[in-house]
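Before any comments, here is the structure.
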Amino acid sequence: MKEYAFDEIERRQQERWEKAGLFLADDHDDTRPRYYALEMFPYPSGRIHMGHVRNYSIGDVIARYMRMKGFNVLHPMGWDAFGMPAENAAIKHGTHPAKWTYENIEYMRKELKRMGLSYDWKREFATCDPEYYRWEQLFFIEMYEKGLVYRKKSKVNWCETCQTVLANEQVEDGRCWRCKDEVMERELEGWFFRITAYADELLEGSYRLKGWPEKVLTMQRNWIGKSVGAEIDFPLKGHQGNIKVFTTRPDTLFGVTFLSLSPEHPLALELSKGTGQERAIQEFVEQWNRIPATERRMQREKKGVFTGAYVVHPLTGEAIPVFLANFVLMEYGTGAVMAVPAHDQRDFEFARQYGLPIKLVIRPRDKELQAEDMDAAWEGPGVLVNSGQFDGLDSVVAKEAITDELKRLGRGSPKITYRLRDWGISRQRYWGAPIPMIHCPRCGVVAVPRNALPVRLPLDAHLDKRGRSPLPSLEEFYSTKCPKCDGPARRETDTMDTFVESSWYFARFTCANDISSPLDKELAASWLPVDQYVGGIEHAILHLLYARFFTKVLRDLGYLTVDEPFSNLLTQGMVLKDGAKMSKSKGNVVDPDLMIRKYGADTVRLFILFAAPPERDLEWSDRGLEGAYRFLLRVWRLVQGHISYLREAKTDVGALEAASAASSVLRGLRQKTHQTIEKVTGDIGERFHFNTAISAVMELVNQLSDVLNNLGGVEKDITAGIDPWPVIREAVEAVILLLSPMVPHITEELWAELGHDTFICRENWPVADPQIARADTIKLAVQVNGKLRGQIEVACDASEQTVKERAIKEPNVARFVQGKTVKKVIYVPNRLVNLVVR
RNA sequence: GCCGAAGUGGCGGAAUUGGUAGACGCGCUAGAUUCAGGAUCUAGUGGGCUGUAUCGCCCGUGGGAGUUCGAAUCUCCCCUUCGGCACCA
């Protein structure tokens with residue numbers, strides 16, 4: 001018997017596939033429906049890890065399955081190649097980020113190829129290729145012209161270790177998402193993408209993304225954080241001007257007893273002038289400034305100080321004191337809030353702390369409240385009281401009524417506020433796409449002309465030990481001429497956030513080799529949106545929201561015709577070892593290369609698909625891996641051990657039907673074969689539950705082994721002259737075909753061994769015959785008062801009457817029914833009979 | 001604190017629509033083979049019951065209550081674990 005030489009087999013099959021160009025997507029074939037399967041492309045960090053193996057195994061099953069289902073499949077791969085680790089490695093090892101990156105890509109490409117992933121490698125690119133980022137620079141300029149890019153000075157999150165600005169999303173718990181060092185606050189001028197212009201569409205669109213996990217959509221909605229309310233002006237008492245506040249509860253306007261301003265509010269110091277509160281305010285603000293920005297938000301205790309100033313209530317004319325309060329955020333709304341202690345918990349705590357009045361204006365429908373003995377604010381709905389002309393109104397209705405009144409008086413207006421901030425994309429790093437802008441002392445900011453693109457990142461730059469970008473001091477780079485006035489000018493030396501590259505790479509894959517334009521509109525339209533996107537949940541907000549934003553921008557720039565990039569999203573769970581995420585620091589990393597060398601790519605793929613459904617976390621198990629290997633070995637021996645009979649067998653309908661008519665064992669095997677096809681098709685095609693698909697094939701293999709181990713018995717069972725091998729071959733072929741998307745090499749090899757000269761990955765997915773899959777008898781459970789008391793086997797088409805009679809005659813059932821009256825008989829066809837007795 | 005997901009044998013997990021809980025795999029036990037170990041094959045494997053022992057009973061899906069002829073699945077309360085958000089006015 002031939003040995004299962006997985007390494008030789010896998011390499012040979014991979015070579016065959018490559019030579020035959022099996023996985024190239026056909027841009028021009030319109031006879032088959034198109035399907036775009038995509039996995040999140042990796043950062044070329046050096047080597048692949050188990051997370052990649054899982055991600056790409058899942059994606060590959062989908063791609064291969066859809067191909068067999070007759071789709072023209074696009075399944076590309078590339079490299080998210082800009083980023084800091086390249087710079088860090090360059091500094092540490094005295095190499096160049098480009099060299100490091102391209103060498104890693106070389107290595108990792110080999111690793112991916114060794115896994116037998118069915119990619120269209122002709123579309124591969126790295127985002128650090130000038131031929132890629134040149135188009136990104138073009139988009140930047142076009143967005144700039146449309147007002148979607150702007151420059152502003154802002155307080156930014158600065159990571160000293162990484163020497164760069166971080167987006168809000170890259171700050172976790174006040175620390176840098178990458179190096180985990182504390183983030184500082186800094187004022188810096190930088191470039192922004194106006195993602196807020198799409199806030200509403202991003203939010204609306206989230207309700208139409210039926211193929212996304214609800215969890216991801218919820219996270220995005222929270223991130224966008226839309227609040228509907230009103231902006232209200234409180235005129236300063238005795239001064240010019242007013243203080244603007246944003247509130248979602250205009251219905252509580254009559255309950256305002258003070259105003260709270262952020263300590264960073266521009267009016268903070270000014271308000272106290274001439275009130276005797278100057279010192280107190282000064283101290284409070286100074287104290288506030290001494291607290292590191294990252295810790296400010298963590299303070300939970302409500303603290304504040306009176307500014308000495310008063311504003312006028314816009315409807316009642318009352319004087320309202322103005323406070324500074326440590327919980328008011330400058331970056332949200334207007335940096336000032338109207339305080340309604342009776343109906344906002346924070347205001348309530350603040351008021352209690354400083355002995356400020358609490359005025360009840362919303363009375364809940366089902367209970368009586370007194371301002372004096374409340375122990376928490378009432379934030380729910382109710383009926384308005386103490387609210388002048390609005391008394392008696394429902395609080396929901398009052399929101400609009402009061403806003404209308406304010407608008408009529410010119411003291412306020414409806415307002416929608418978002419938590420989402422514009423996307424700061426400037427990075428003071430070297431290894432990124434240069435921002436194609438020029439600063440001219442005479443003309444100001446000028447875009448690089450389109451015909452001068454790309455602005456190439458100079459490769460002869462020198463990185464200093466501290467990791468600071470060499471670009472601002474590299475004259476050959478920054479020194480240029482103004483495209484408008486031809487005078488001396490300076491190039492922008494910031495580079496783009498690497499999330500920009502990953503925001504449109506999926507679109508570029510549809511026309512990766514187009515050298516004349518960023519996106520071929522027709523090709524993009526023919527492939528997009530991505531039918532199935534697969535990746536980690538850690539990108540739920542960042543990458544996925546940016547990609548959605550970019551898709552809408554590119555649509556509005558005329559490049560794309562779709563509104564959303566990914567129709568269906570599968571977020572796979574993590575790979576754990578000993579209950580924890582694999583990491584170098586924990587020392588629990590399992591090296592995929594090593595495992596592949598030891599057991600082969602098919603075994604590793606099989607284990608990882610079998611151990612858990614894709615969306616759940618997966619616990620790595622060496623034993624489980626061995627189990628997967630053993631199973632493949634069983635399949636191998638099953639086929640090779642009977643190879644000459646199997647090769648001879650002809651699976652024509654006549655032979656199959658004759659054999660199953662002649663033998664109950666063979667009839668049973670055929671039935672199991674077709675049931676398995678049904679089950680696996682559903683599990684892969686509809687649920688992506690590869691674990692149960694595999695276990696179903698295992699059951700078929702078990703039954704097949706039984707039959708083969710007992711061939712003598714089968715032959716006795718058979719009418720003379722009937723050949724059992726067609727039925728056995730049908731089962732064997734089903735096993736091989738059904739497993740092929742998951743373990744493509746061994747199945748390809750066995751397919752050839754059976755005498756096929758076709759590629760299995762080009763075969764049609766098997767179709768179950770429901771007639772054969774259906775059993776002629778069926779086992780039903782019989783319950784008495786809901787407890788299982790027996791089992792009966794009846795003909796499929798048995799009448800309800802027959803079934804009930806059989807059930808009641810079943811000895812053990814009869815025992816429990818004896819001496820009692822049957823009150824009711826519940827009959828669930830194909831499932832059970834339940835006798836209710838008393 | 002708020003939101004979400006999860007909790008099923010020794011372990012990973014299955015039960016797709018309220019209908020025979022524990023499929024499949026790992027591990028374990030016994031047997032066969034072997035000088036031995038490993039590998040392989042066969043059988044068994046949720047807990048309890050000397051009980052009318054190839055059959056049957058009781059208990060059992062984090063805990064408690066409920067709806068139902070019937071609940072791992074639905075409802076309510078509680079516990080634990082993981083993830084996200086965390087003063088967003």
Side-chain angles (χ1 to χ4, degrees), chain A residues 172-173 213-216 218-219 222-223 225-227 229 245-249 252 260 262 296-302 325-329 331-340 343-347 349-350 417-420 537-538 540-541 573-574 576 579 606-607 610-613 615-628 630-631 633-634 637 679 682-683 686-687 689 691-702 705 709 779-791 811-812 815-816 823-837:
Chain A
E172 299 166 346
D173 267 344
E214 204 47 46
K215 182 190 167 90
V216 172
T218 306
M219 283 165 76
N222 291 342
W223 191 261
K226 180 178 183 173
S227 293
V245 304
F246 171 71
T247 182
T248 54
R249 295 295 305 271
T252 63
S260 303
S262 165
R296 284 181 196 158
R297 279 164 177 254
M298 290 179 214
Q299 303 191 327
R300 295 230 65 98
E301 202 192 335
K302 303 281 174 291
N326 66 344
F327 61 90
V328 181
L329 306 172
E331 53 278 14
Y332 184 79
T334 60
V337 299
M338 61 179 223
V340 185
H343 305 293
D344 181 286
Q345 187 57 24
R346 292 156 305 184
D347 297 339
E349 286 168 30
F350 192 88
T417 299
Y418 299 90
R419 202 186 90 114
L420 182 72
I537 185 81
E538 66 272 20
I541 300 174
M574 289 186 298
L576 309 178
L606 183 69
F607 165 70
F610 180 60
E615 63 276 8
R616 293 250 289 249
D617 285 350
L618 180 154
E619 175 71 25
W620 180 267
S621 155
D622 289 336
R623 299 255 201 205
L625 186 72
E626 281 173 43
R630 267 202 300 271
F631 173 70
L633 207 55
R634 276 190 78 196
R637 287 179 181 153
K679 165 87 176 142
D683 282 353
E686 284 156 36
R687 304 201 303 162
H689 277 206
N691 56 334
T692 51
I694 293 165
S695 81
V697 179
M698 284 172 167
E699 285 185 46
L700 176 57
V701 169
N702 288 344
S705 309
N709 288 339
K779 282 179 183 165
L780 291 178
V782 184
Q783 299 180 333
V784 179
N785 288 342
K787 293 206 175 197
L788 184 67
R789 296 303 179 194
Q791 210 178 54
N812 198 50
R815 249 178 70 204
F816 283 89
K823 285 270 179 195
K824 202 163 140 192
V825 181
I826 288 148
Y827 172 57
V828 184
N830 300 322
R831 296 275 183 194
L832 55 63
V833 179
N834 186 13
L835 307 170
V836 185
V837 302

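Everything quoted here is computed from the prediction, not taken from an experiment. The chains referred to below are lettered A, B, ... by the order of the sequence lines, with proteins before strands, and numbering in each begins at 1.
- If you take atom C1' in B/rU73 and the same atom in B/rA14, they sit 14 Å apart, rounded to whole Å.
- B/rA30: Watson-Crick or G-U partner is B/rU42, with both key distances under 3.5 Å.
- The nucleotide B/rC57 finds its pairing partner in B/rG48, both defining distances of the Watson-Crick or G-U wobble pair being shorter than 3.5 Å.
- Under the 3.5 Å distance criterion, the side-chain polar atoms of A/D344 are left unmatched by any main-chain donor or acceptor of A/V340.
- Atom pair A/D347:CG and B/rA89:P shows a separation of 12 Å (rounding to whole Å applied).
- Between A/F607 and A/L618 the shortest side-chain heavy-atom distance falls below 4.5 Å.
- Atom CZ of A/R249 and atom C1' of B/rC88 are 15 Å apart (whole Å).
- With both ends at atom C1', the span from B/rU45 to B/rC35 equals 31 Å, rounded to whole Å.
- Heavy-atom distances to RNA chain B give each of A/R789 and A/T218 a nearest nucleotide, and the one nearer the 5′ end belongs to A/T218.
- Residues A/M219 and A/E214 form no side-chain contact, since every pair of their non-hydrogen atoms from C-beta on lies 4.5 Å or further apart.
- Side chain of A/S262 to main chain of A/L329: no donor-acceptor pair is present (N/O by atom type, distance under 3.5 Å, no hydrogens or angles).
- With distances taken from any side-chain atom of A/N812 to the nucleotides B/rG19, B/rA89, B/rC57, the minimum falls on B/rC57.
- Of all nucleotides present, only B/rC3 satisfies the Watson-Crick or G-U wobble test against B/rG83, with each distance under 3.5 Å.
- Remark: side-chain polar atoms of A/N834 are not paired, donor with acceptor, to backbone N or O of A/V825 under 3.5 angstrom.
- Remark: C1' of B/rG18 and CD of A/Q783 are 12 Å apart, rounded to the nearest angstrom.
- Judged by Watson-Crick or G-U wobble contacts below 3.5 Å, the nucleotide B/rG9 has no partner.
- A donor and an acceptor atom sit less than 3.5 Å apart, one in the side chain of A/K679 and one in the base of B/rU16.
- Within the 4.0 angstrom heavy-atom criterion, only backbone atoms of the sugar-phosphate kind lie near A/E699; the bases stay farther away.
- Nucleotide B/rG18: unpaired (no Watson-Crick or G-U wobble partner with both distances less than 3.5 Å).
- Of the candidate nucleotides B/rG12, B/rG56, B/rG25, B/rG12 has the atom lying nearest to any side-chain atom of A/A611.
- A/I826 places its CD1 atom 7 Å from the P atom of B/rC69, with the value rounded to the nearest Å.
- Taking a pair to require two hydrogen-bonding distances under 3.5 Å in either a Watson-Crick or a G-U wobble arrangement, B/rA36 remains unpaired.
- A/K215 has its NZ atom 8 Å from the P atom of B/rG84, to the nearest Å.
- In this structure, A/D617 contributes its side chain and A/M574 its backbone to a donor-acceptor pair below 3.5 Å.
- On the C1' atoms, B/rC76 is 15 Å away from B/rA71, given to the nearest whole Å.
- Taking atom P in both B/rG25 and B/rA32, one finds a spacing of 24 Å when rounded to whole Å.
- If you take NZ of A/K302 and C1' of B/rG1, they are 11 Å apart, rounded to a whole angstrom.
- Rounded to whole angstrom, the span from the CZ atom of A/R630 across to the P atom of B/rG12 amounts to 18 Å.
- Shown here, B/rU75 forms a base pair with B/rA65; the pair counts as Watson-Crick or G-U wobble because both key distances fall under 3.5 Å.
- We find that CG of A/N709 is positioned 10 Å from C1' of B/rU42, with the value rounded to whole Å.
- Of all nucleotides listed (B/rG13, B/rC88, B/rC69), B/rG13 comes nearest to the side chain of A/A612.
- Backbone-only contact: A/R623 has heavy atoms under 4.0 Å from sugar-phosphate atoms and none from a base.
- At the heavy-atom level, A/N222 lies nowhere under 4.0 Å from the strands shown.
- Between B/rA39 and B/rG51, the two C1' atoms lie 42 Å apart (nearest whole Å).
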